[in-house]
Each structure stands twice: as C-alpha cells, then as structure tokens.
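I have placed the structure first, in the form of structure tokens, so that the comments after it can refer back to it.
Keep in mind the model is a prediction, meaning the values are calculated, not measured.
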Amino acid sequence: MYSPDIAGHQAIRERLLQRLQGGRIRGSLLFVGPEGIGKRRVALELAQRELCFRRTACGQCEGCRMFQGEDLPFELPNLLRIAPEGKAGVIRIDQIREGLDSNNQPRFSRGVIEWAALAPAMGCHRWILVEEAHRLNESSGNILLKTLEEPPQDTHFILVTHRPEALLQTIRSRCERIPFAPLAPREAWAVAQRNGWREADHDRWLALGEGSLRHLDESAFRRAEAQLEAWLALMGGRAFGEASEPLLPEKESAMAQGEQLRQPLELLLRLLADLARIRAGETPALAPWREALAALATPERNLKAPQEAALQALRHLPRNLSPEPLIREVALSLVS
C-alpha cells in the first residue's frame with residue numbers, strides 16, 4: 001500500500017492514508033521538519049497512489065513512472081507542483097496567478113487558483129504541492145490565502161518547509177500542521193548505501209546529515225565537510241583568506257545566495273553547541289571531529305559572541321547582504 005522507495009515516516013503515511021480513505025483529510029496541510037528527510041516524497045506519494053495502476057504507489061507501473069526521476073513535471077493529471085525559481089529562489093506571484101515562470105513562459109496550463117477549481121479526474125483528488133513554502137513572498141502568499149482557507153471540494157494543498165517560522169502567520173493558521181522527525185540513523189544509512197555510499201564514510205555522513213538525506217550527493221557532502229573544517233581552521237587561528245573559500249557561495253550554483261550561506265552558518269552553530277557539550281563532559285553530536293573540537297573547547301574561549309554573530313547573520317540573509325563581509329564578520333567573532 002506504500003511506495004517502496006520512501007524511508008521512514010510510516011506512522012504519518014498510514015495516518016494520512018486512513019484519513020484520505022475516510023474522507024477526513026483537511027484541505028490544507030503544512031508538512032514541517034528538518035530539511036532533506038522526505039517530507040516532499042511523502043506528499044507526492046498521496047498523488048502517486050491515485051495514478052498507480054495498483055493504487056499502491058508500487059513504483060513499477062506506468063502511472064508511478066510519472067513520479068520518478070530528477071525532472072518531475074510541474075503538472076500531472078492530479079498534481080500541480082509549485083517550486084522556487086530563478087537566482088533569487090522565490091515563488092513569484094506570476095507563478096501563482098498565471099502559471100508563468102520567471103521568464104514569463106507557461107509553467108502550468110493555467111493559474112493555480114483556476115487549476116484548483118477544476119473537477120479532478122475520476123477516482124482522484126487534485127493535489128497542489130508547494131515545495132519550500134517559506135520561499136513564498138508576501139504577494140504570492142497573500143494571493144493563496146482565500147483558497148487555502150476554503151479549498152474547492154476534492155482539492156488539497158500541501159505546503160512543505162523546514163522553516164515554518166518564515167511563512168506568513170496567516171498561512172500557518174489556515175493549515176493543519178503535520179510534524180516530521182529526522183530519520184533514524186539506520187533508515188538514513190540504508191538509503192545512503194543504495195546510493196553508493198561506503199562504510200568508510202558512515203560516521204561522518206551520519207553526523208553531518210542529522211537524520212536527513214540532504215548529503216546523498218557526494219559533492220554536497222564534501223562541501224559541507226569542507227565548510228565544517230574551514231570553521232575549525234578559523235577557530236584555530238588560520239587566516240580568513242586562507243580558510244574561507246568553502247564558506248562563500250558558489251557563483252555557478254543555481255541555489256540562491258542566501259540559501260548557500262545558510263548551511264555554513266548553521267554548521268557553525270552546531271560546532272559551538274558541541275564545544276559547550278565537551279566543556280560539560282558530554283559527547284559531541286559531531287563525534288567524528290571530537291579530537292579537533294576538544295582542542296578548541298578551552299575554558300577561555302568565548303562561545304556567546306560567535307553564536308550571536310551567526311544568529312544575526314542568519315537573520316540578515318533575506319536582505320541579500322554581500323557574502324564575504326558577512327562571513328568575515330562572523331569569523332572575526334571567533335577570535336575576539
């Protein structure tokens with residue numbers, strides 16, 4: 001009855017299916033939880049099951065194949081997929097109102113509100129998936145409000161986010177919140193092994209991932225690893241110009257600059273938390289780096305200043321500040 005390629009979240013998937021079959025599922029749902037743990041995939045499973053020839057999301061039939069692969073269509077017979085776009089990485093009002101992308105080219109057959117009001121195919125609902133819903137800007141969020149509050153019959157919105165605090169409060173209040181927990185280490189590592197990861201990387205991969213799959217791609221993992229070690233080098237007194245390159249955005253990346261900067265800043269907060277754990281005689285969460293952390297966990301090291309600097313930098317990311325001065329200021333707090 002469930003897609004075989006989804007790891008974890010079995011209780012949530014069973015509950016959603018029972019409510020759907022019983023006609024008790026809300027019109028607007030908000031899936032929240034850490035990044036990269038499978039929230040989006042669970043949302044897609046609801047639509048996939050309806051187009052599956054076996055009605056189980058088997059993953060083998062022609063209906064299921066529409067949901068597979070990296071280039072999932074933005075529109076399927078029972079699904080509309082709204083996602084951030086462009087260098088700014090936002091969900092624009094034109095995408096919601098008219099179904100247009102950032103180049104004013106049709107992304108959907110019609111606007112989202114109009115699509116939601118169409119009668120669904122026989123035996124199906126109409127699912128509107130909003131990926132990275134925190135990337136809705138104020139205008140695009142406001143235009144969705146009325147439809148989120150009272151979706152047409154048999155139409156369901158699913159908003160997926162790891163940053164619910166960045167959503168408009170009026171949007172949050174109109175959705176039923178469904179919290180997702182991180183994957184268990186064995187669940188995450190089983191997926192990693194299917195994607196070619198070897199035992200040599202087991203401890204470091206799990207520690208960096210925190211129960212997520214966001215580092216399944218080796219280049220993403222190596223970049224996160226390099227960022228962590230750059231912060232350790234800066235804490236150890238290495239010059240900013242020598243160590244900072246992994247902390248700065250990649251110009252060729254399709255990811256928005258602010259989103260690229262978020263990861264190293266959040267990694268720094270994890271390192272600072274581990275330094276506090278070591279001082280308290282506890283085991284660090286980033287255990288593979290225990291030796292390097294222990295050398296830096298001296299009583300005289302100020303942890304509060306860099307923590308405040310990192311949190312302030314995270315708050316300023318939406319303002320599109322220049323990356324190098326922002327990271328440099330945080331780095332200076334490490335040695336102040």
Salt bridge check, R174 against E150: does any charged N sit closer than 4.0 Å to a carboxylate O?
no
In sequence, state the C-alpha distance, the side-chain angles, and the governing distance for W127 and F157, and then conclude on ring-ring contact (aromatic ring centres under 6.0 Å, His included).
CA-CA 6 Å; W127 301 96; F157 284 84; over 10 Å; no
Could you check whether E210 pairs with R270 (Lys NZ or Arg NE/NH1/NH2 to Asp/Glu carboxylate O, under 4.0 Å)?
yes
Any salt bridge linking R135 with E259? Criterion: basic side-chain nitrogen under 4.0 Å from a carboxylate oxygen.
yes
Lys/Arg N to Asp/Glu carboxylate O, E50 vs R55, below 4.0 Å
no
Does a salt bridge link E85 with R107, judged by any charged N lying under 4.0 Å from a carboxylate O?
yes
Among side-chain atoms of S109 and E75, is any donor-acceptor pair under 3.5 angstrom?
yes
Are R41 and E45 within salt-bridge range, i.e. N to O under 4.0 Å?
no
Looking at every heavy atom in both R223 and P246, which two are closest together, and how far apart are they?
NH2-O, 3.2 Å
Partner residues of A188 under the side chain to side chain contact (heavy atoms under 4.5 Å, CB included) criterion, sequence neighbours left out:
L183, W205, L206, L213
Under-4.0 Å salt bridge between D201 and R204:
no
Charged N to carboxylate O under 4.0 angstrom, E62 versus R65?
yes
